[in-house]
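Numbers restart at 1 for each chain; the letters A, B, ... are given by sequence-line order, proteins then strands.
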Amino acid sequence: MRMLQIHSDGFSYEAKRKALKNAEAVKEKVYKTEDSCLVNFIAAETTDANDVSAAAKATAEMIASAADEIKEKNIVVYPWVHLTESPSKPSVALKLLKAIAKDLKERGFNVVRVPFGWYKSFELHCKGHPLAERSKVLDISKEIAKGADVDVTEGEDLTALAAEEKSTSEFFIMEPGGKVTDIKEFNYAKYKELKLYMEYETAKDRTAHEPPAHIELMKKLELVDYEPGSDAGNFRWPPRGLTLKKAIEERVTAEMVDYGAHVIQTPLIYDYEHPSLKAYLQRFPSRQYVVRSGEKDYFARFSACFGQFLLISQAQVSYKQLPLKLFEIAPSYRREQSGELAGIRRGRAFTMPDIHEIVVDEEGAKAAVLRQLEFVEKLHGELEVSYEVSFRLLRSFYEENKDFLTKVIDRIGKPVMIEVFDERYAYFIFKGEWNVVDDQKKAGCLGTIQIDVENSERFDIKYVAEDGKERFPLILHTSPSGSIERILYGVLEHAHKQMKIGKVPHLPLWMTPIQVRFAPVDDSFVDYCLELGKVLDAAGVRYEIDDRSQTVGKKVRSAEKLWIPYIAVIGEREQTSSELSIRRRELKDQVKMSIDELVKEIKEKTSFAPTQRLLLPNLVSKQAIFSREV
RNA sequence: GCCUCGGUGGCUUAGGGGUUAUAGCGUAUGCUUCGUAAGCAUAAUGUCGUGGGUUCGAUUCCCACCCGGGGCUCCA
C-alpha cells in the first residue's frame, strides 16, 4: 500500500466516466465540501493481497494517527493507483479501500470514500503546514512476518497465546515407583542438577552475569563460529566442527534407521497460502524467516513437521504399516527475538533431527513413547553429559495414565520433574524433555517426545484401517537427540563444568573431530607418520599429522589445546620398535602400544557410531587456521 | 521487540580530542631438527564495527544503524 496524505481546506471531485468495466455503481457523481479534511490518496499493491484485512487495519491506523496529530475529523479515502509500480488487482484494491473506510468510520471519523474505477476530476487546497503533506508505505508481507500486530481475520485461531496465559500448572517430582512429592518438599540432596533444573523452570530471576562458557570453547576448538555476514544466530562450521556435526548426524540417523524409520528430505521453504500450513501457522505467533520469491512469500520451516506431514498426507498408508516412522535431519529456522539468542544454545538456524511416528490411537502412542524412550536415553548417554528429564502433561491425560507415567519414570531410573497443565495450549497432551543444565544454571532442552492430538486432521493425514475406512491417527513428534547445535552446547558446557572442578575437559571420542594426532619429532619422521596414517585410514580412525617444523613440546601443547584424546610422538624409538608412545588425555597417562592396539582401543570405544571421515587435510601444515589458537 | 553493557591487526588486548595507536598469540622469512603444554631473531599485518554530526582536528565526544554479551519477554 502506498499513500499520499494531504491536509486540505475543502475538497471536491466529479466522477467523469468509467475506467473499468466493473467500476462501482455511483449515485452521486459529484461531491463538494468546504470543510477541512485529510485526503488520503491510496494505491493498493500486490503485497496487500497477502492479507487485505491486515493491510486495511494497518492503513486505517496510519490515517487515524495522522488525523489525530492534526486534529482532523473528516477523512477522504481516494483510490489513486498511480502511486505504485506494482498495483494489486482491482478487486483487492476495492476490498482494501472499503475496509479502510469501514474501519475509520468505526473509529468515529467522518469518512468519504471516493468511488473506485472512474476517471475523476478533483480539487483540493493543501493547508501547507509541516504535517499537511505526507506519504506512507506499507508492505503487509513484512508486517505478516513481524506477526504480532496483524489483524486476525475470519476463521483464524489465535487461541494458543490466550490459552497459555490463563493456563495454570502444577509442578512436582515423581520418582521411580511412582512416588510424588511437591517440588518444594523434595529432598534434592542426591539430585543437585535436578534442583538446578527445577529452579530454572520455576525461577523468576534468570540473571546471568557471564557469557555462556561454550561460546569461547566452540571458537577455540575451531568447531563452530558466528557468521557476521548472516543474520544473528546463524553459524558457520569450519571443517573440524563440520566433522563433529556430521558424526552426530550420522549417529542419530543410524539409530533411526535401526528403529525402522523412513529417512527423507523435504524442502526448506513453504507457502504461506497452503491451507494446512496456514491453519498451523495461525495457531502460533509468527517467528518465521520470510523468503520472497516473485510475487509470493514463503517461510523457512521452523521444524520438519510441514514437509513430513505434507509428504505423508499424500502417501498411501495402511494400518499394516503402523506405527510408521518418518525421519529427517532438518535444518530449521526460527527468527527468535534478538535478546533470546545465546551462542549455540539458542540460535536462529539449527539442525534438528526430527522423527514423526504415526500410531493408531492413544494406546499406540503410549507404546511408542516406551519404545522411543530407549533410543532417547541411549543417545543422551552417548553424549556423556548429565541431563534431567521432565514431563509436561494435560491434566486429563495425567489422571488417566498414572500407571503409564510410572512405567516411563521407572525406565528413566531417576526422579523427574512433572508439570501438569489444565488447558491444552499447544498440540500436545504429553511432552517429555531431556535437558542439560549449564554453568549459568540455565537449562537447554535436547531430546523431546510429544504426543500430538490435532495435526493429523489439520494436515489430512489418514491411514486405511482394517475395515477399509480411512482414520486419523495420532502423531508423535520426537527429536531423539535435540538439535546438533544444542548437543554441542551441552557437551561443551559439560566440559566446562568438568574443567571447573579440576577435571580434564573432553569431547566424546566418537564425535571428536580428531581422534589421534601424530607429532613427529622432526621432519624426517613425517613419512613414517603417513604410513601409520594409512592404517588409521583403513580402520576409519580420524587423525592428523603435525608436520610443522616446531619443537615436540609445542606440538603436544597444540594438540592438548584442541583436546585431542590420543597424541603420539613419533621419532627414532617408535620407528625402530614399532611401539607407539601414546599420551591419553582422559586418563592423563602415557602408554606404549602398537598402532593395531591403538586402533582396537578406539574402535571398541566408538563401536556404536558410524565411520565419519575427517573433513580436512591430515597434514596440519596444509590446514588453514580458522579460529584455533595454535 | 524493549532495557543494558560492549566492538581497537586473524585472535586476546593497552590506550585515549592533537606527532608515527600498544603488547602477547598466530602469520611470513631466516637460524634451530628438537622426545611429551610455549626455541631464537627479524618482518608484515589496523579505513580503532559502519554511516552521519560536533570540532581547526574524532579511533576518542554526540546520533543512527550493524554485530556481540547480559536482562525482560519468549522458547510451536
Separation of [N] [atom2] from [X] [atom1] (nearest whole Å):
X: A/I567; N: B/rA38; atom1: CD1; atom2: P; answer: 13 Å
X: A/I215; N: B/rC11; atom1: CD1; atom2: P; answer: 16 Å
X: A/E340; N: B/rC3; atom1: CD; atom2: C1'; answer: 15 Å
X: A/F626; N: B/rG10; atom1: CZ; atom2: C1'; answer: 12 Å
X: A/L341; N: B/rC66; atom1: CG; atom2: P; answer: 14 Å
X: A/D225; N: B/rG10; atom1: CG; atom2: P; answer: 14 Å
X: A/D589; N: B/rA37; atom1: CG; atom2: P; answer: 14 Å

Can you confirm whether or not the ring centre of [X] sits under 6.0 Å from the ring centre of [Y]?
X: A/F172; Y: A/Y398; answer: yes
X: A/Y489; Y: A/F350; answer: no
X: A/H274; Y: A/F306; answer: no

Looking across every strand, which nucleic acid part, if any, lies under 4.0 Å from [X] by heavy atom: base, sugar-phosphate, or nothing?
X: A/G347; answer: nothing
X: A/P211; answer: sugar-phosphate
X: A/E629; answer: sugar-phosphate
X: A/S338; answer: base
X: A/G339; answer: base
X: A/K588; answer: nothing
X: A/Y226; answer: sugar-phosphate

message: If you assign each of A/K431 and A/A342 to its closest nucleotide in RNA chain B, which residue comes earlier from the 5' end?
response: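 That would be A/A342.
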- prompt: For A/K219 and A/Q450, take the nucleotide of RNA chain B holding the closest heavy atom to each; which residue's nucleotide lies nearer the 5' end?
  reply: A/K219
- request: Would you indicate whether A/K605, at its atom NZ, is surrounded by more than 12 heavy atoms from other residues, nucleotides or ligands within a distance under 6.0 Å?
  value: yes
- prompt: Is the number of heavy atoms from other residues, nucleotides or ligands within 6.0 Å of NZ (A/K497) greater than 12?
  reply: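 Yes - once you tally the heavy atoms of other residues, nucleotides and ligands closer than 6.0 Å, there are more than 12.
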- prompt: For the residue pair A/F391 and A/F430, does the interplanar ring angle fall in the parallel (under 30°), tilted (30 to 60°) or perpendicular (over 60°) class?
  reply: tilted
task: Determine the interplanar angle of the A/F309 and A/H356 rings, folded into 0 to 90°, and report it as parallel if under 30°, tilted if 30 to 60°, perpendicular if over 60°.
output: perpendicular
- request: Would you indicate which nucleotide in B/rG69, B/rG39, B/rA37 comes nearest to any side-chain atom of A/P212?
  value: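 Looking only at side-chain atoms, A/P212 lies closest to B/rG69.
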Detail all sub-3.5 Å separations between protein N/O atoms and N/O atoms belonging to nucleotides 30-35 of chain B.
{"unit_1": "B/rU33", "atom_1": "O2", "unit_2": "A/D523", "atom_2": "N", "d": "3.4"}
{"unit_1": "B/rU33", "atom_1": "N3", "unit_2": "A/D523", "atom_2": "OD2", "d": "3.2"}
{"unit_1": "B/rU33", "atom_1": "O4", "unit_2": "A/D523", "atom_2": "OD2", "d": "3.4"}
{"unit_1": "B/rG35", "atom_1": "O6", "unit_2": "A/E572", "atom_2": "N", "d": "2.8"}
{"unit_1": "B/rG35", "atom_1": "O6", "unit_2": "A/R573", "atom_2": "N", "d": "3.2"}
{"unit_1": "B/rG35", "atom_1": "N1", "unit_2": "A/E574", "atom_2": "OE1", "d": "2.8"}
{"unit_1": "B/rG35", "atom_1": "N2", "unit_2": "A/E574", "atom_2": "OE1", "d": "3.0"}
{"unit_1": "B/rG35", "atom_1": "N2", "unit_2": "A/E574", "atom_2": "OE2", "d": "2.3"}
{"unit_1": "B/rG35", "atom_1": "N3", "unit_2": "A/R573", "atom_2": "NH2", "d": "3.2"}

- request: Give a yes-or-no answer on whether the side chains of A/R240 and A/Q623 include a donor-acceptor pair shorter than 3.5 Å.
  value: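 There is such a pair between these side chains.
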- prompt: Which base, if any, makes a Watson-Crick or G-U wobble pair with B/rC31, both distances under 3.5 Å?
  reply: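 Per the H-bond distance test, B/rG39.
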- line: Applying the 3.5 Å cut-off to both distances, the Watson-Crick or G-U partner of B/rG57 turns out to be none
